[in-house]
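Here the structure comes first, spelled out in C-alpha cells, and everything after it is commentary.
This chain uses plain numbering: 1 for the first residue, then up along the sequence. Bear in mind that the values here come from a model prediction, so they are computed numbers and not experimental data. The analysis underlying the following values was restricted to heavy atoms, covering all of them including side chains, and did not include hydrogens, waters or symmetry mates.
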Amino acid sequence: MTTRPGAGRRRLPSGGTRRPSPLIAALLSAIVPGLGHLYAGDRRRGWWFIGITAVVVMPAAVLFAMVFYVTGVDLALDLARPFFESPGLLIVLLVVNGLTVAFRAGAVVDSFMYARGLDPSNRPLALFGFAFGMALILILTAIPHGWVGERNLALYDLLTHDFAADPNQGTSTTSTTTPPGSTIPGVTTTSTTTPPTTTSTTRPDPFAGEDRVNVLLLGSDSGPGRTGVRTDTMIVVSIDTETGWTAMFSIPRNFIMTPIPPDHPDHANWPDGLWGDPGNLVWGIYAYGLQHPELFEGPNTGGDAAKTIFGHLVGLEIDYFAMVNLQGFVDIIDALGGVDITVTRRIFDAEYPHEDGTLIEIEFLPGTYHMDGHTALVFARTRHDADDFDRMGRQRCVLEALAREADPVSLLRELPSLVPAIEGSVITDIPVAKFPNFLQLLSKVDTTQIVSMRFMPNAPEFAGTPTSYVAYKVQGYNVPNTELIRERVEIATTLPPLEAIEALNLEPLDLACGVADAG
C-alpha cells in the first residue's frame, strides 16, 4: 500500500504535525474495528471496517450484553433453544466465532501497519515496544472469543452426551429369569407375557397442555466400599408449568411393600402387588429395574421402574427422573461456586464416612455457611446423631439452596467446569432439547413458597394425632399409608403454595431451612 506525503498527519493549532501512534490505532481497532483507521487518517478503510462491524459484530455484542447485564434469563434461553434442538448449529457458531476473531485481528494489524507506515522508524527499542504492544493487544482481542469458544465446545459436548445410559443396565428383553446373584424374592420366572423393552426416547412435551411437570430426583449412594446402586435420596418434585408453584415429596429409603400399578407386568410378581419386603427396601427399586429390562421400558429401565412405582405411590404420573451420585454432587456444587446453607441446630458425627472410604469427625454449629461441594454433601448425608428423616429435611434444604444458586446465566459462566461434572455423575431421561424449558421453569420457582412433605412416621404436621404416613411396620420397616399420602399430595399440587402449606399444617421450607431467619 502507498501513501501520499503527509497523508494521515493531523495539523496541530501551532501549525506543526503529530504522527498517529501505531499502538493507539491498533488498540482503538481492537475496541471497534475501523476506529483505529479513522484515528490514523484512513477514513475510507475505517468506515468500511466500521460498516462490517455494525452489520456483523455489533449485534452479537449487543445480544451478549443484554443477556448478561439487561434482559437475562428469558433472552438467554430463547437464543439457546435452537442449539439444544440442533446441536450441529454450535459448530456453525464456532466457525462464525473464529471468523469474527480473525476479522477483528485483521483490523488491528491493518490499522497498526497503516499508522506505522507514516513513521517507519527502525529504532530497536521502538520495534521491541511495537512487537510487545501488538502481541498484548491481539491477546486481549482474542480473550472474549476464547471465552465464548470454550463454552461453545463445552455446550456441544453436553448436548451430544447420552445421559439416559447406565453401565449397569441389563440387556435382556425376553427372559424373565432373575439375574444371577439376585436375592430379590417374589419374582416369578415363568411369565412369558411381558412386553419387550422399547428403545424409543420420544415423549410428549410436558409443557404442552400439561398443568404440571413431575420429576423424580434420586441421589445414588455410590462410592468406595459400596456395591450396586442404592438411591438413598428419593424426592418427587412437582412444578406448575404456568406459575412455578412447587411441591416436594421426600420418600424414605426404608419403605417396603410399595404398591405397583395393577396393570403393570411386575404387579403379579409381588404378593398383593406390593414391591419390597424386609430384604428389599425401596432404595433398591432403581437397581431392580436395571436388572429386569423385560419388565420396564425405555433406554434406562431403572429410571422407568422408579418413576412407575414411586409415581403410583404418590398418585402422580412422573414425567422424568434425574439421578446424581455422591462425587457428582460435590463437583456440581463446586462448579457453581458453593451454596449458602443455614444450619439450625448443632450436628456432630465422630465417624462420618468420607467419599474416599475413611472416617472423619464433623461438626456444624448453628449459623449460615457458604459450603463447598464436600461440605454440603456432609451436611446432607450425616445421620449419626439423628435419623433418616432428619437427613431428608437437610436434603430438602440443599436442593432449595441449589435452586437459588443455579440461575441460567451462572450456569453459562461455569459451563466448562459444570459439563465434566454433569456428564460424569448425572443420569437422566430428560431430553437435552428440553433443558432450556426446565431452566426457564426453575426461574419461576419461588423458593420461599415450596410445599415440602416428608413421608415419615411421627411427622410434625400430625403431632398429637394418631395420623401417620406409615400404615404399619413389618420387622421394623415402614409400610406406606398410600391413601393418606395421595390425599395430601393432591392438596399440595392443587392449591396455591401458601394455602396448601396452611391446609396441610406444614412448616414453610424457607423457615425449616433457616433461610427466612438468615435473610
Sidechain N-carboxylate O distance under 4.0 Å for K307, D429 |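 Looking at K307 and D429, the cut-off is met.
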
H264 and its ring pair (Phe, Tyr, Trp, His ring centres under 6.0 Å) partner, picked from W275, W270, F296 |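 It is F296; the other options fail the test.
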
Below 4.5 Å, heavy atoms only, C-beta onward: do [X] and [Y] meet side chain to side chain?
X    : Y    : answer
V474 : V479 : yes
Y472 : M257 : yes
L218 : L216 : yes
P261 : T308 : yes
N280 : I256 : no
L158 : F163 : yes

If we count only N and O atoms by modelled type, under 3.5 Å, do the side chains of [X] and [Y] hold a donor and an acceptor together?
X    : Y    : value
N325 : S425 : no
D166 : Y286 : yes
T231 : S220 : no
D304 : T301 : no

So that I know where these two stand, are [X] and [Y] an aromatic pair - ring centroids less than 6.0 Å apart?
X    : Y    : result
F438 : Y320 : yes
F462 : Y469 : yes
H292 : Y288 : yes

Non-neighbouring partners of L94 that pass side chain to side chain contact (heavy atoms under 4.5 Å, CB included), sequence neighbours left out =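 Side chain to side chain contact (heavy atoms under 4.5 Å, CB included) list for L94, sorted by chain: N152, L153.
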
Are R230 and W283 in a cation-pi setup, meaning NZ or CZ lies under 6.0 angstrom from the ring centre and within 45 degrees of the ring axis?
->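 The answer is yes, since R230 meets both limits relative to W283.
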
